Amino acid sequence: MIKIPATEFARRRDQLMVRMGANSIAIIPAAREQIRSRDTHFPFRQDSDFWYLTGFPEPDAVAVLVPGRSHGAFVLFCRDRDPEMETWHGRRFGPEGAKARFGADDAFPIDDIDEILPGLIEGRDKIFYALGADAEFDNQVIGWVKRLRAKVRQGALPVGEMIDIRHILHEMRLFKSAAEIKIMRHVAKITAEAHKAAMQKTQPGRFEWEIEAEIKYRFALAGARFEAYSSIVAGGDNATILHYTENQDRLRKGDLLLVDAGAEYQGYAADITRTWPISGRFSRLQKRAYEWVLRAQQAAINEVRPGSDWSQPHQAAVEVLTEGMVDLGLLKGRVSTLVKKGAYRQYYMHKTGHWLGLDVHDVGDYQVDGQPRLLEPGMVMT
């Protein structure tokens, strides 16, 4: 199994604390379990920011980074060990496991957070926190700050400003390490093999959900138990719905099948879209359309290199696609004029790619000072 080493999580925390500066504190909550129906839950998926800094897989946890703290900068609050609950719902690491397995300098039961965390906040000039991401936890954080402010006359040190942690944390996440790229190559390979298996299972009369089932099976068989997003398996006209996920219609002879599916492995996403003939052979017109799209993809890939800006791959694809639309009779006029007018948007209304990482639409700014961002080594995009 390919994994991010514990030393990398520690390096990320250290890097974040350097960017935060002295006399600051960061508070990063884990994801919550989400109810699916009554007393059943959706499969738990950890918050990407929390995972990026800790690798800790449980809900009901809070990571706290306190640069310069004498007893250690990384504090983790998590669920306590509970033999009865673990019998019903699975094993927990508990505070001791948080220290032994995940490098926490100190770890406390989550039930004690109201007593301990205000003391860690007190006197800090800056609180780094993603205000607005979780309304319930926002109220907790604001409550701790109010409690400290109310005690200023009793000698408590005032709390400083609150800064959105996502700006610096997401900038870090934009640049992938060698370990991350190794995992992302692996999950891309898993996804590609699943697409090839889906092609082999495709034939007229089958249902979209059968192809979806083959993809999920191949993901799981390779150790990627979850999809990075809900798979799109769209036959015929269904492929004109950009985020079609019903996947319930019968595949028809002569139609095309679009599959947009990506596995998730160790938290990292793949994202691949391919289109192929349900009957196993393109018609003449389908082949012409497919070849124009293939040329557009290659033109975009050719622009993905350090020093290009974010808009260049999209612009390259748009120019080729517009030329193809004219060739196929969808548009009429000079290609340069049609591109300038945006005539292609009737058939190509979205951008050509996006960042990829722990989220399928990964974090990171696309513009800097109002200009398309320059591509740099370590960035990963579709």
Side-chain angles (χ1 to χ4, degrees), residues 36-37 40 42-43 45 184-265 268-298 301 317 321 324-325 328-330 346-350 352-354 356 359-361 382:
R36 181 180 183 275
S37 63
T40 65
F42 286 105
R45 204 277 185 182
M184 295 189 72
R185 287 187 187 279
H186 184 67
V187 71
K189 183 178 180 181
I190 290 171
T191 302
E193 293 300 322
H195 274 255
K196 287 191 280 187
M199 291 178 189
Q200 293 168 355
K201 294 290 183 179
T202 299
Q203 62 185 42
R206 289 202 154 175
F207 285 90
E208 292 166 340
W209 51 260
E210 293 182 74
I211 309 305
E212 179 185 23
E214 180 68 25
I215 291 166
K216 289 182 176 179
Y217 167 68
R218 295 291 174 171
F219 286 173
L221 199 64
R225 288 190 55 219
F226 303 108
E227 302 168 285
Y229 52 94
S230 296
S231 295
I232 297 169
V233 182
D237 291 345
N238 291 339
T240 65
I241 302 170
L242 296 183
H243 292 152
Y244 172 83
T245 54
E246 285 88 346
N247 300 349
Q248 62 186 8
D249 287 353
R250 191 183 293 273
L251 303 181
R252 297 180 308 211
K253 182 179 180 180
D255 280 350
L256 298 176
L257 177 65
L258 178 147
V259 171
D260 181 350
E264 180 178 283
Y265 184 83
Y268 288 85
D271 181 3
I272 296 177
T273 304
R274 291 292 183 270
T275 301
W276 56 83
I278 291 170
S279 302
R281 185 177 294 275
F282 287 119
S283 70
R284 186 174 298 176
L285 181 59
Q286 289 170 346
K287 183 179 180 182
R288 283 172 63 197
Y290 179 90
E291 288 177 342
W292 275 113
V293 174
L294 183 60
R295 288 179 206 143
Q297 183 200 40
Q298 191 58 58
I301 290 172
L321 288 173
M325 291 173 200
L328 295 167
L330 297 171
Q346 181 180 354
Y347 303 103
Y348 192 66
M349 61 288 297
H350 49 72
T352 302
H354 49 78
L356 191 64
D359 295 305
V360 66
H361 292 113
T382 66

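All values reported here derive from a predicted model rather than from experimental measurement. Heavy-atom basis, side chains included; hydrogens, waters and symmetry copies ignored. Numbers here simply count residues along the sequence, with the first being 1.
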Engineer: Working to the nearest 0.5 Å, report the span between NE2 of His195 and CD1 of Ile211.
Structural biologist: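 Output value for this atom pair is 12.0 Å.
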Engineer: Any side-chain heavy atom of Val259 within less than 4.5 Å of one from Arg274?
Structural biologist: no
Engineer: Say you draw a straight line from CD1 of Ile232 to CD1 of Ile241; how long is it, rounded to the nearest 0.5 Å?
Structural biologist: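 The CD1 atom of Ile232 sits 10.0 Å away from the CD1 atom of Ile241.
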Engineer: If we only count heavy atoms from C-beta on, is the Met349 to Leu242 side-chain gap below 4.5 Å?
Structural biologist: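 Yes, close enough: below the 4.5 Å cut-off.
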Engineer: How long is the gap from CG on Asn238 to OG1 on Thr245, to the nearest 0.5 Å?
Structural biologist: 10.5 Å
Engineer: For Ser231 and Ala261, work out which heavy atoms get closest and say how close.
Structural biologist: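 It is OG-CB, 3.5 Å.
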Engineer: Would you call Arg218 and Glu214 a salt bridge, taking side-chain N to carboxylate O under 4.0 Å as the test?
Structural biologist: yes
Engineer: Heavy atoms only: give me the nearest Ile272-Ala188 pair and the separation to one decimal.
Structural biologist: CD1-O, 4.0 Å
Engineer: Just by distance, do the side chain of Thr382 and the backbone of Gly353 share a donor-acceptor pair under 3.5 Å?
Structural biologist: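 A pair under 3.5 Å: no.
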Engineer: If you count heavy atoms of other groups shown closer than 6.0 angstrom to CZ of Arg45, is the number above 12?
Structural biologist: yes
Engineer: Once ring-ring contact (aromatic ring centres under 6.0 Å, His included) is applied, what residue pairs with a partner in residues 206-236 remain, sequence neighbours excluded?
Structural biologist: Phe207-Trp209
Engineer: Do the side chain of Glu264 and the main chain of Ala269 share a donor and acceptor less than 3.5 angstrom apart?
Structural biologist: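 Between the backbone of Ala269 and the side chain of Glu264 there is no qualifying donor-acceptor contact (under 3.5 Å).
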Engineer: In terms of side-chain geometry, is the basic nitrogen of Glu193 or Lys196 positioned less than 4.0 Å from the acidic oxygen of its partner?
Structural biologist: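 The answer is yes: the pair qualifies as a salt bridge.
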Engineer: Measure the CG-CG distance between Asp359 and Asp271 for me, rounded to the nearest 0.5 Å.
Structural biologist: 12.0 Å
Engineer: Return the CH2 to OG1 distance between Trp276 and Thr202, rounded to the nearest 0.5 Å.
Structural biologist: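 Interatomic distance, Trp276 CH2 to Thr202 OG1, rounded to 0.5 Å: 5.5 Å.
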Engineer: Take Arg288 and Tyr290 through the test side-chain contact (heavy atoms from CB on, under 4.5 Å) and record every step on the way to the result.
Structural biologist: CA-CA 5 Å; Arg288 283 172 63 197; Tyr290 179 90; over 6 Å; no
Engineer: Any sub-3.5 Å donor-acceptor pair from Ser283's side-chain atoms to Gln286's backbone N or O?
Structural biologist: yes
Engineer: NZ/Lys201 to CD/Gln203 distance, rounded to the nearest 0.5 angstrom?
Structural biologist: 9.0 Å
Engineer: I need the minimum non-hydrogen distance between Thr352 and Ala317, along with the two atoms involved.
Structural biologist: OG1-CB, 3.7 Å
Engineer: Considering only residues two or more places apart or on different chains, which pairs with a residue in residues 242-261 satisfy ring-ring contact (aromatic ring centres under 6.0 Å, His included)?
Structural biologist: none
Engineer: Give the minimum heavy-atom separation between Thr191 and Ala263, together with the two atoms involved.
Structural biologist: OG1-N, 3.1 Å
Engineer: For Arg185, I'd like to know if atom CZ has over 12 heavy atoms of other residues, nucleotides or ligands within 6.0 Å.
Structural biologist: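 Atom CZ in Arg185 is not crowded, with 12 or fewer foreign heavy atoms closer than 6.0 Å.
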Engineer: Could you tell me which non-hydrogen atom of Gly235 sits nearest to which non-hydrogen atom of Leu257, and how far apart they are?
Structural biologist: N-CD1, 3.6 Å
Engineer: Using a 4.5 Å cut-off on heavy atoms from C-beta on, say whether the side chain of Pro277 contacts that of Leu256.
Structural biologist: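 SC-SC contact between Leu256 and Pro277 confirmed.
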Engineer: Using only atom types and a distance under 3.5 Å, with no angle test, would you say the side chain of Asn247 pairs donor to acceptor with the backbone of Val233?
Structural biologist: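 Confirmed, Asn247 side chain pairs with Val233 backbone.
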Engineer: Under 30°, 30 to 60°, or over 60°: which ring-plane class applies to Tyr265 and His186, parallel, tilted or perpendicular?
Structural biologist: perpendicular
Engineer: Kindly indicate whether the side chain of Leu251, heavy atoms from C-beta on, has any atom under 4.5 Å from the side chain of Glu208.
Structural biologist: yes
Engineer: If only atom types and distance count, is the side chain of Ser279 paired as donor or acceptor with the main-chain N or O of Gly254 below 3.5 Å?
Structural biologist: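 Looks like yes, one N/O pair under 3.5 Å.
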